[in-house]
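A note on names: the letters A, B, ... follow the listed sequences, proteins ahead of strands, and every chain is numbered from 1. Here the structure is a predicted model, which is why all the values come from computation and not from measurement. Heavy-atom basis, side chains included; hydrogens, waters and symmetry copies ignored.
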2 protein chains.
Amino acid sequence: MNKKKVSLKDIAEKAQVSTALVSYVLNGKEKESRVGHEIAVKIKQIAKELNYQPNYLAKSLRSGKTQTIGLIIADISNPFFANIARIVEDEAKKNGYTVIIGSSDEKAEKSWALITVFLNRQVDGFIIVSSENSEEQIEYLIEKNVAFVLLDRHFPDIPTHFVSLNSYKAAFDAGVHLIQGGYKNIGLIAYKSQLFHMQERIRGYRESLAESGIVFHPAWLKEVGFDTIDEEIKVGIDEMLASEFPVDALIFATYRLAITGLKYINALGLKVPDDLAIVSFGQAEVFDLYYCPITYVQQPMEELGKTAVEILIHQLKEPHDEKRQTLMEAQLMARDSSRPKAAIS
Amino acid sequence: MNKKKVSLKDIAEKAQVSTALVSYVLNGKEKESRVGHEIAVKIKQIAKELNYQPNYLAKSLRSGKTQTIGLIIADISNPFFANIARIVEDEAKKNGYTVIIGSSDEKAEKSWALITVFLNRQVDGFIIVSSENSEEQIEYLIEKNVAFVLLDRHFPDIPTHFVSLNSYKAAFDAGVHLIQGGYKNIGLIAYKSQLFHMQERIRGYRESLAESGIVFHPAWLKEVGFDTIDEEIKVGIDEMLASEFPVDALIFATYRLAITGLKYINALGLKVPDDLAIVSFGQAEVFDLYYCPITYVQQPMEELGKTAVEILIHQLKEPHDEKRQTLMEAQLMARDSSRPKAAIS
DNA sequence: AATGTATGTTTAATCGATTAAACAAAAAAC
DNA sequence: GTTTTTTGTTTAATCGATTAAACATACATT
C-alpha cells in the first residue's frame with residue numbers, strides 16, 4: 001500500500017554504514033555496542049528525517065514476541081464485556097501491548113477457533129472469558145505453555161491464573177438483602193450452564209434462603225439457555241408468578257438476563273418493586289435510568305481488567321511463578337428496585 | 001512460550017524434502033509446481049501429525065499483507081461503537097481478516113497515536129471513526145497510500161471512501177416528527193464539534209423548525225464539550241427550561257448525550273413526555289426500558305459496519321477504483337417519549 | 001545418438017529487523 | 001617496536017515462510 005516504507009537498510013545506505021549500526025543506535029544500544037558518537041548522531045538524524053518507523057512484523061519474527069494480547073470474551077457488543085475490553089485495552093497500551101479482541105458468543109467452538117487464529121498470529125498471551133465446556137482448550141494452552149489468565153470465570157479443578165468475582169458471596173448477599181427487605185419468595189434467573197461462576201451464583205442464592213430458614217421451591221429457579229433467553233425468560237417468569245408460591249422478588253444472574261427479563265416484566269405491566277423486587281448482577285446505565293433504579297451487584301470492573309492484564313504481563317516475564325488466583329468481592333448497591341417491603345404499603 | 005513451534009522446516013526434515021515442496025503442498029500449489037503425488041500425500045500427513053500451524057508473522061513479512069484491519073473508534077465501551085465493532089469483527093472474520101480495535105476518546109492525538117501503532121503493526125487498512133481536527137491524519141493516510149474507510153463521520157472536503165448516516169435528514173425528520181406532534185419549543189443538545197455529521201444534525205434540526213415557520217431561539221441549542229458533558233448538560237437543560245421560551249421537547253444528537261441528559265431529567269423529576277418530549281439519535285436497550293420508551297433515530301448499524309468492511313476489502317484488491325461514498329438513511333422509530341401532545345391532556 | 005520436453009526437486013534470495021562474532025584500525029602497554 | 005587492549009564497524013546467521021530460477025532426471029522425438 002504505502003508508497004515505500006523506510007527500512008533500516010534505507011537509513012544505513014544514506015548514512016553509509018551497515019544496518020547493524022543503525023539498529024544499535026535506534027535501540028539505544030550505542031553505548032554497549034560502542035558506536036561512534038558522530039555516526040550515532042547522524043543516524044538518529046537521518047532516521048528522523050525519513051520518519052523511520054520500525055516494522056514490527058520483522059521485529060516480532062526475530063524476537064518471538066509480538067507485544068500483542070489476545071482477549072477472548074463472550075460478546076463485545078455486551079456492555080459488560082465492552083467495559084472490560086476498554087479497561088484491558090488501556091492497561092495493555094500502558095505496558096506497550098496491543099489487544100486483539102474476539103467474541104466467542106459463549107460457544108466453545110468459536111472460542112477454539114479464536115485461540116487458533118490468535119496463536120497463529122503469535123499473540124504473546126491470552127486473557128480469556130471462558131465458555132462452557134472449554135476445559136479442553138485451557139488444558140491445551142497449559143500443555144503448550146502459552147501464557148494466559150482466565151477472567152470473570154474459572155475452572156476450580158484446573159490450576160490456572162484467574163481473576164474472577166466471588167460469585168457465591170455476591171449472590172448470597174443479594175439474597176440476604178432481599179430477605180432483610182421482607183421478601184420471602186425469591187426467584188433466581190440464571191443461565192443453564194455448568195460454568196463454575198454460574199453454579200456459584202445459584203449456590204449463593206440457595207444458601208441465603210436456607211440460612212434464613214426459607215424453604216426453596218424449585219419453581220423459583222430458572223436456568224435459561226444462552227441462545228433461547230427471550231422465550232425461556234418469558235416462560236420462566238410466567239411460571240414463577242403462577243407457581244404455588246409466587247415470587248415477590250427476582251434476582252438476575254447477569255446483565256443480559258436482567259435486560260431481557262425487565263423488558264418482559266414491563267410488558268406484563270408489573271410494577272417494580274411493588275409487584276416484584278429486582279436485584280441484578282452486572283451494572284449499566286440502564287439500571288440508573290429505569291423508572292425504578294435497579295439494585296445491582298457491583299463488580300469491580302476496573303480492578304478485574306487491570307489485574308488480569310497485570311497478571312498476564314507478569315507471567316510473560318516470569319513464566320514459572322506460582323499461579324495467581326484472585327477472587328474479588330462485589331458490592332451490593334441497594335436502590336429502589338429492592339426497597340424494603342415495609343416501606344411500601 | 002510454546003514448547004516448540006512446528007515450522008515448515010520441521011516438516012521438511014521429517015519428510016526428507018526441501019521446505020519449498022512443503023510450502024507448495026500446504027498452499028495447494030502442488031499442481032502448478034508439479035509436486036510428486038506420493039510426496040505430497042506424505043507431506044500433508046506429516047503436517048497433520050505434527051499439527052502444523054503456519055506462522056503468520058513470517059507469512060506477512062514476506063507477503064506484505066497481514067490480513068489485519070485497524071478499527072479506530074471513539075470508545076469501545078460506548079454501546080454504539082461496541083455494536084459497530086462487533087459487526088465489523090464478524091464481517092472481517094468472514095473475509096479472513098482480524099481486527100485490532102483502538103479507542104480514541106474523540107481525541108485527535110490519541111487517534112494519531114493509534115494510527116502510528118497500527119501502521120507499525122502493518123495493518124492492511126483502516127476503518128476510522130474520525131475525531132475532530134483529524135483531517136491531517138486523513139491526508140497523511142492518503143499521501144502514504146494507505147487503504148481506509150471513514151465510518152459514521154466524514155470530511156466533505158476530503159475525497160475519501162466513507163459510510164455515514166445522512167445526519168441532516170435524520171435530524172430534520174426528528175424535528176418534523178416533534179412538530180407534527182404539536183411540540184413548538186424544541187431544543188437540541190449536540191456536541192460542541194466541528195465534525196460534519198454534528199453540524200449536519202444541527203442544520204437538519206434548524207431547518208425543520210424553519211420549514212414550519214417556527215422561530216429558533218438560541219437558548220434551544222446547546223453544544224457541550226466531550227469532556228464536560230455531565231456539567232454542561234445540566235446547565236444546558238436548566239437554561240433551556242428557564243429561557244423565555246421554555247422547551248417542551250428535546251432532541252439528543254447522540255446516544256451518550258441522551259443517557260446523560262435523561263439522568264438529569266429524571267433527577268429533576270420531569271415526566272417524559274408530559275413535561276418534556278424526547279427524541280434521540282443512536283439506539284440502545286436503555287431506550288426500551290425507560291419508563292417511557294424513547295423515540296430514536298435508528299441507524300442501520302449492520303449495514304454501516306458491513307459496508308465499511310466491504311469497501312475496505314474491495315479497496316485492498318483494487319486500490320485505484322473510485323471512491324465509494326455512502327450516505328445511509330436513518331429511520332425514525334416513534335415511541336412514547338414523543339407521543340403527540342394532543343393525546344396527553 | 002542427439003536433442004527436446006516433461007516432470008520432480010532443490011537452491012537461494014527475499015521480507016526487515018537483531019545480534020554474536022569477526023575484523024580492522026588506533027591507542028596503550030611493555 | 002612488538003604485543004595487547006580499546007574502540008569502532010561490518011559480516012553473516014537468524015526468525016519462518018514464499019517463490020523464481022536452477023538443476024536434475026526421465027521420457028519422447030527426430
Side-chain angles (χ1 to χ4, degrees), chain A residues 1-2 4-44 46-47 50-68 119-124, chain B residues 1-2 4-44 46-47 50-68 119-124:
Chain A
M1 262 301 71
N2 320 19
K4 46 194 167 197
K5 282 288 285 183
V6 177
S7 72
L8 268 197
K9 211 162 132 193
D10 298 323
I11 300 182
E13 275 165 17
K14 197 147 191 169
Q16 312 251 52
V17 294
S18 70
T19 61
L21 278 198
V22 182
S23 173
Y24 290 138
V25 171
L26 297 183
N27 286 301
K29 305 218 177 118
E30 36 180 309
K31 287 276 136 53
E32 298 104 291
S33 311
R34 39 188 208 287
V35 179
H37 182 65
E38 280 148 59
I39 206 73
V41 170
K42 186 171 171 194
I43 286 171
K44 279 185 203 152
I46 293 178
L50 300 183
N51 186 29
Y52 168 73
Q53 301 288 145
N55 181 328
Y56 273 79
L57 288 182
K59 262 183 141 83
S60 297
L61 179 59
R62 185 75 221 276
S63 68
K65 312 241 157 289
T66 51
Q67 298 286 113
T68 302
L119 276 180
N120 290 352
R121 288 176 179 263
Q122 316 294 122
V123 296
D124 291 342
Chain B
M1 261 301 73
N2 320 17
K4 46 194 164 192
K5 280 289 286 183
V6 178
S7 73
L8 268 197
K9 210 161 133 193
D10 298 323
I11 300 181
E13 274 165 19
K14 196 146 192 171
Q16 312 250 52
V17 295
S18 69
T19 61
L21 277 198
V22 181
S23 173
Y24 290 139
V25 171
L26 296 183
N27 286 300
K29 304 219 177 120
E30 36 181 310
K31 287 277 134 55
E32 299 103 291
S33 310
R34 38 185 209 285
V35 179
H37 182 66
E38 279 148 59
I39 206 73
V41 171
K42 187 172 172 193
I43 287 170
K44 279 184 203 154
I46 294 178
L50 301 182
N51 184 30
Y52 169 72
Q53 301 287 144
N55 181 328
Y56 274 80
L57 288 182
K59 262 183 139 82
S60 296
L61 179 57
R62 183 73 221 275
S63 68
K65 312 240 156 289
T66 50
Q67 298 288 113
T68 303
L119 276 180
N120 290 353
R121 287 176 181 263
Q122 315 295 123
V123 296
D124 291 342

Would you kindly give the NZ-to-C1' distance between A:Lys65 and C:dT19, to the nearest whole Å? 17 Å
Nearest whole Å is fine: how far is D:dA17 P from A:Asn120 CG? 10 Å
Work out which heavy atom in B:Leu50 is nearest to a heavy atom in B:Val6; give both atom names and the distance. O-CG2, 3.5 Å
Residue whose closest nucleotide on DNA chain D lies nearer the 5' end, B:Pro54 versus A:Gln16: A:Gln16
Show me the side-chain donor-acceptor pairs of residues 53-61 of chain A shorter than 3.5 Å, one per line, residues at least two apart or across chains.
residue: A:Gln53; atom: NE2; partner: B:Asn120; partner atom: OD1; Å: 3.1
residue: A:Asn55; atom: OD1; partner: A:Leu57; partner atom: N; Å: 2.7
residue: A:Asn55; atom: OD1; partner: A:Ala58; partner atom: N; Å: 3.2
residue: A:Ser60; atom: OG; partner: A:Tyr56; partner atom: O; Å: 2.7
residue: A:Ser60; atom: OG; partner: A:Lys65; partner atom: O; Å: 3.1

When the distance from NZ of B:Lys59 to C1' of D:dC15 is rounded to whole Å, what number comes out? 16 Å
Would you say the side-chain atoms of B:Thr19 pair up with the backbone N or O of B:Leu8, donor to acceptor, closer than 3.5 Å? no
Within this structure, what is the OH-NZ distance for the pair A:Tyr52 and A:Lys44, rounded to the nearest 0.5 Å? 15.0 Å
Check the phosphate of D:dT19 against B:Lys29, side-chain N and O only, distance under 4.0 Å to OP1 or OP2. Yes or no? yes
Looking at CG of A:Leu21 and CD of A:Gln16, how far apart are the two atoms once the value is rounded to the nearest 0.5 Å? 12.5 Å
With a 4.0 Å cut-off on heavy atoms, is A:Ser63 in touch with a base, just the backbone sugar-phosphate, or nothing at all? nothing
Starting at CD1 of A:Ile43 and ending at C1' of D:dT9, how long is that distance when rounded to a whole Å? 10 Å
Any idea which of D:dA17, D:dT9, D:dC15 is nearest the B:Ala58 side chain? D:dA17
Could you give the CG-to-P distance, from B:Leu50 to D:dG16, as a whole number of Å? 15 Å
Let's go through A:Arg121 and A:Thr68 carefully: what are the C-alpha distance in whole Å and the side-chain angles of both, what is the deciding distance for side chain to side chain contact (heavy atoms under 4.5 Å, CB included) to 0.1 Å, and is it a yes or a no? CA-CA 9 Å; A:Arg121 288 176 179 263; A:Thr68 302; over 6 Å; no
Categorize B:Leu57 for me: base, sugar-phosphate, or nothing, with a 4.0 angstrom heavy-atom threshold over every strand shown. nothing
Can you check the A:His37 NE2 to D:dT7 C1' distance for me, whole Å? 15 Å
If I take atom CG in residue B:Leu8 and atom P in nucleotide D:dT19, what distance separates them, rounded to the nearest angstrom? 12 Å
Looking across every strand, which nucleic acid part, if any, lies under 4.0 Å from B:Ser60 by heavy atom: base, sugar-phosphate, or nothing? nothing
Rounding to 0.5 Å, atoms OH (B:Tyr24) and CZ (B:Arg34) come to a distance of 9.5 Å
Given C:dA17, C:dG8, D:dG16, the nucleotide with the shortest approach to the side chain of B:Arg34: C:dG8
Within residues 18-26 of chain B, the residues having a heavy atom closer than 4.0 Å to DNA chain C are B:Ser18, B:Ala20, B:Leu21
Distance, rounded to the nearest Å, where B:Lys9 contributes NZ and D:dA17 contributes C1': 12 Å
